[in-house]
Amino acid sequence: MEASVAAVPFGWARAADAGLTFRPIVDTDLSFLARVYVSTRIEELAVTDWSDAQKMAFLHDQFRGQHAHYQKYYPEADWLVTAHAGQDIGRFYIERWPSQHRIIDIAFLPEHRGRGHGEALLRDVMDEAAAAGKDVSIHVEKLNPAMRLYRRLGFAVEEDKGVYDLMRWKRPNLR
């Protein structure tokens, strides 16, 4: 295991129990991160009459724009590649603000979805935020299948942002 890989960063024990490890992204990860991004958006383009090459060019351009936006507007974020059994399987971006933990992005390659990895990671982040006296928020596309998971975990729509909903999990009030 590389020294830069953290099995239990931030005390994320559930993620570790699910076999997940994390490492900060580096420039050589950009093609992998683009592949993860493309896997989350490719179905949307099925209705177009674009060629496969046009679809890929569009999605890679969209990835570059998203990546630049995230880097600019979330300067203090942890930009992490998620791995399982030594294989890169997804990305997890989070920024911890004074008032809340903002999940910028969580995504896995299709063959690694629905295996409990996201739930383990989200529960860990919720625990971390609650221990710090904070809520957790995330923008979720309205048609994202993971919406069911967010609702099951107690996230609620706070604001309709058009294509996205701003969702928030509120920490329990401890008295």
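Computed from a predicted model, the values in this text were never measured in an experiment. Worth knowing before you read on, the calculation uses all heavy atoms, side chains too, and leaves out hydrogens, waters and symmetry mates.
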Counting only N and O atoms by type, is there a donor-acceptor contact under 3.5 Å from the side chain of [X] to the main-chain atoms of [Y]?
X      : Y      : result
Glu95  : Glu76  : yes
Asp165 : Asp160 : no
His112 : Asp88  : no

Specify whether [X] and [Y] have parallel, tilted or perpendicular ring planes, treating 30° as the upper limit for parallel and 60° as the lower limit for perpendicular.
X     : Y     : value
Phe63 : Tyr37 : tilted
Tyr93 : Tyr70 : perpendicular
Tyr74 : His69 : perpendicular
Phe92 : Trp12 : perpendicular

Return the minimal non-hydrogen interatomic distance between [X] and [Y], and the atom names on each side.
X      : Y      : answer
Lys55  : Trp50  : CE-O, 3.4 Å
Val136 : Ala129 : CG2-CB, 3.5 Å
Gly19  : His84  : O-CD2, 3.4 Å
Thr40  : Glu44  : O-OE2, 4.1 Å
Trp169 : Ala130 : CH2-CB, 3.8 Å

Between [X] and [Y], is there shared hydrophobic-cluster membership here, with clusters defined by ILVMFWY side-chain heavy atoms closer than 4.5 Å?
X      : Y      : result
Met167 : Ile106 : yes
Leu33  : Phe22  : no
Leu153 : Leu166 : no
Phe155 : Leu149 : yes
Val36  : Leu80  : no

Can we say Arg91 and Asp29 salt-bridge, meaning some charged N sits less than 4.0 Å from an Asp/Glu carboxylate O?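 Result for this pair is no, no salt bridge flagged.
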
Output the distance between atom [atom1] ([X]) and atom [atom2] ([Y]), rounded to the nearest 0.5 Å.
X      : Y      : atom1 : atom2 : value
Met147 : Glu141 : CE    : CD    : 9.0 Å
Met126 : Asp135 : CE    : CG    : 10.5 Å
Gln62  : Leu45  : CD    : CG    : 9.0 Å
Asn144 : Tyr164 : CG    : OH    : 9.5 Å
Ile94  : Ile104 : CD1   : CD1   : 8.0 Å
Arg102 : Lys134 : CZ    : NZ    : 13.0 Å

Tell me which pairs pass salt bridge (charged side-chain N to carboxylate O under 4.0 Å, His left out) where either residue lies in residues 143-156, with sequence neighbours left out.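 Salt bridge (charged side-chain N to carboxylate O under 4.0 Å, His left out) check on residues 143-156 returns Glu119-Arg152.
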
Heavy atoms, side chains only, cut-off 4.5 Å: are [X] and [Y] in contact?
X      : Y      : answer
Leu20  : Arg14  : no
Trp79  : Asp105 : no
Leu30  : His67  : yes
Arg35  : Val38  : no
Leu122 : Tyr150 : yes

Should side-chain heavy atoms under 4.5 Å link Ile, Leu, Val, Met, Phe, Trp and Tyr, which residues sit in the same cluster as Val26?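 Cluster partners of Val26: none, it stands alone.
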
With Arg168, which residues qualify under side-chain hydrogen bond (donor to acceptor under 3.5 Å, both in side chains), at least two apart?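 Scan of Arg168 (side-chain hydrogen bond (donor to acceptor under 3.5 Å, both in side chains), adjacent residues dropped) gives Glu158.
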
Passes side-chain contact (heavy atoms from CB on, under 4.5 Å), His117 versus Thr82? Steps please. CA-CA 10 Å; His117 301 318; Thr82 307; over 6 Å; no

Would one find more than 12 heavy atoms of other residues, nucleotides or ligands at under 6.0 Å from atom CD of Glu43?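 Counting other residues, nucleotides and ligands, CD of Glu43 stays at 12 neighbours or fewer.
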
